[in-house]
Asks: 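Next up is a structure, given as structure tokens.
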Protein chains: 2
Amino acid sequence: MATSVFNALGHPLRRKVMMVLRKGPKTSGDLAGMFDASWPTVSRHLNVLKEADLITAERKGTSIVYRANTSVLEDAAAAILALVGRDDGDDRDDDMKEAAE
Amino acid sequence: MATSVFNALGHPLRRKVMMVLRKGPKTSGDLAGMFDASWPTVSRHLNVLKEADLITAERKGTSIVYRANTSVLEDAAAAILALVGRDDGDDRDDDMKEAAE
DNA sequence: ATAGTAATTAGCGGTCAAGCTAATTATGAA
DNA sequence: TTCATAATTAGCTTGACCGCTAATTACTAT
């Protein structure tokens, strides 16, 4: 869960998409036109963001409108802050060997 | 810069290392013993975190002590919050086609 | 049905991340 | 020096990611 969010944000173009989207919804074509990458490439980046639940897609006639899902971004920020100091205890202890205390 | 931080946090084991390290410094051996992964594997994960400046390494006799670099985590959280709403204007507009307004 | 536009999916080549074992460096002790 | 321990680096395989072009799906309009 957190993994997919961080990985999604781990690409500059995808962060830029989030920056654009937080100002308002945009269609795939709008976004594809904003970057140097080809349309299919942008489309796949959008899919990565969607899989991470960072954006939502809604068909609007012939276009598909994308919107930022700010609550997930807030969750991600909270997860980092948990790493910093305050223990909000996310992150399951899988593949941990023992109690690690 | 932000890319390396997000990618570093994009692996569960590395987030767990950060969770452990924020409670206090640990040697590579300590950390290697906590996870199911082999020692070299853990070592490389530590290196990824170090490259992202999320941790620091200091030789202490025969061991190497790792410490969390909380300020970088705070920066990462700030970067996400910038994505959420407040415009602290990180993230350079590389590979952007135009003004995108 | 046909044509046109919007967007994704398929497929390809190249690169990079992740895991392992084995080999190597580095330090400390005898 | 020699031995033992700590940790990384080297080498390998597997699988995922990134970017492209070409092909395909989805919808609108005529």
Side-chain angles (χ1 to χ4, degrees), chain A residues 1-18 20-21 25-68 91 94-97 100, chain B residues 1-18 20-21 24-68 91 94-97:
Chain A
M1 199 278 248
T3 297
S4 60
V5 172
F6 285 121
N7 281 326
L9 295 176
H11 193 290
L13 189 144
R14 291 195 289 258
R15 284 197 303 280
K16 281 161 209 151
V17 168
M18 294 306 298
V20 171
L21 247 36
K26 287 261 181 297
T27 69
S28 185
D30 288 340
L31 293 166
M34 289 181 181
F35 301 96
D36 279 338
S38 70
W39 194 333
T41 294
V42 173
S43 185
R44 190 168 41 172
H45 283 304
L46 291 174
N47 197 52
V48 172
L49 290 169
K50 193 172 63 181
E51 290 294 317
D53 211 37
L54 283 164
I55 61 176
T56 62
E58 183 198 2
R59 181 128 231 159
K60 210 76 181 182
T62 176
S63 297
I64 294 182
V65 178
Y66 285 93
R67 286 186 182 76
D91 260 306
D94 190 15
D95 81 10
M96 272 290 209
K97 211 172 213 169
Chain B
M1 200 280 250
T3 296
S4 61
V5 172
F6 284 122
N7 281 326
L9 294 176
H11 193 291
L13 190 145
R14 291 196 287 258
R15 284 198 303 280
K16 281 161 209 153
V17 168
M18 294 306 296
V20 171
L21 247 36
K26 288 259 182 296
T27 69
S28 185
D30 288 341
L31 293 166
M34 289 180 182
F35 300 96
D36 280 339
S38 70
W39 195 332
T41 294
V42 173
S43 185
R44 189 169 40 172
H45 282 304
L46 291 173
N47 197 51
V48 171
L49 290 169
K50 193 172 62 180
E51 291 294 317
D53 211 37
L54 283 164
I55 62 176
T56 61
E58 184 198 1
R59 182 127 229 161
K60 209 76 181 184
T62 176
S63 296
I64 294 182
V65 178
Y66 285 94
R67 287 186 182 77
D91 259 308
D94 190 15
D95 81 14
M96 272 290 209
K97 212 171 214 170

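Convention: sequence-line order gives letters A, B, ...; per-chain numbering from 1.
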Asks: Hey, can you pull the donor-acceptor pairs under 3.5 Å for the side chains in residues 43-50 of chain A, sequence neighbours left out?
Replies:
unit_1, atom_1, unit_2, atom_2, d
A:His45, ND1, A:Arg14, NH1, 3.0

Asks: What's the spacing between B:Leu31 CG and B:Leu21 CG if we round to 0.5 Å?
Replies: 5.5 Å
Asks: Kindly calculate the angle separating the two end axes of the helix from C:dA1-D:dT30 to C:dC12-D:dG19, each obtained from five base pairs, and round it to 10 degrees.
Replies: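 Terminal axis comparison yields 20°.
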Asks: Between A:Gly10 and B:Phe6, which heavy-atom pair has the shortest distance, and what is it?
Replies: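 Closest approach of A:Gly10 to B:Phe6: CA-CB, 3.7 Å.
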Asks: Scan for salt bridge (charged side-chain N to carboxylate O under 4.0 Å, His left out) pairs involving residues 52-66 of chain B, sequence neighbours excluded, and state none if there are none.
Replies: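 Sorted pair list: B:Glu58-B:Lys60, B:Glu58-B:Arg67.
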Asks: Please identify each residue that fulfils side chain to side chain contact (heavy atoms under 4.5 Å, CB included) with A:Ser38, with sequence neighbours left out.
Replies: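 Result, side chain to side chain contact (heavy atoms under 4.5 Å, CB included) vs A:Ser38: A:Pro40, A:Thr41.
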Asks: Starting from P on D:dA16, measure out to NE2 on B:His11 and report it in whole angstrom.
Replies: 13 Å
Asks: How close or far is atom P of D:dC27 from atom CD of A:Glu58, stated in whole angstroms?
Replies: 13 Å
Asks: Could you state the interatomic distance from CG (A:Leu9) to CG (B:Leu9), rounded to the nearest 0.5 Å?
Replies: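 The CG atom of A:Leu9 sits 10.5 Å away from the CG atom of B:Leu9.
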Asks: Rounding to a whole Å, what distance do you find between A:Lys60:NZ and D:dT28:C1'?
Replies: 16 Å
Asks: Under the rule for side chain to side chain contact (heavy atoms under 4.5 Å, CB included), what residues qualify as partners of A:Thr27, not counting sequence neighbours?
Replies: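 By the side chain to side chain contact (heavy atoms under 4.5 Å, CB included) rule, A:Thr27 matches A:Asp30, A:Ser63, A:Val65.
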Asks: Taking only side-chain N and O atoms of A:Thr41, does any of them lie within less than 4.0 angstrom of OP1 or OP2 on D:dC20?
Replies: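 It does, given that an N or O in the side chain of A:Thr41 lies less than 4.0 Å from OP1 or OP2 of D:dC20.
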Asks: Would you mind reporting whether B:Thr3 and A:Arg15 have side-chain heavy atoms less than 4.5 Å apart?
Replies: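 They are in contact (side-chain heavy atoms under 4.5 Å apart), so the answer is yes.
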Asks: Whole Å only: how far is the CG atom of B:Leu13 from the C1' atom of C:dC20?
Replies: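 It works out to 15 Å between those atoms.
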Asks: In whole Å, what is the span from the CD atom of B:Glu51 to the C1' atom of C:dA17?
Replies: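 Going from CD in B:Glu51 over to C1' in C:dA17 covers 14 Å.
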Asks: Protein within reach of the bases, or only the backbone? For nucleotides 3-10 of chain D, mark each nucleotide 5' to 3' as B, S or -, using heavy atoms under 4.0 Å.
Replies: ---SBBB-
Asks: Strictly below 4.0 Å: does B:His45 bring a side-chain N or O up to OP1 or OP2 of C:dG19?
Replies: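 Indeed, a polar side-chain atom of B:His45 lies that close.
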Asks: Using a 4.5 Å cut-off on heavy atoms from C-beta on, say whether the side chain of A:Met34 contacts that of A:Val17.
Replies: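 No, too far: nothing below the 4.5 Å cut-off.
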Asks: Please report the distance, rounded to the nearest Å, between CG in A:Leu31 and P in C:dA6.
Replies: 14 Å
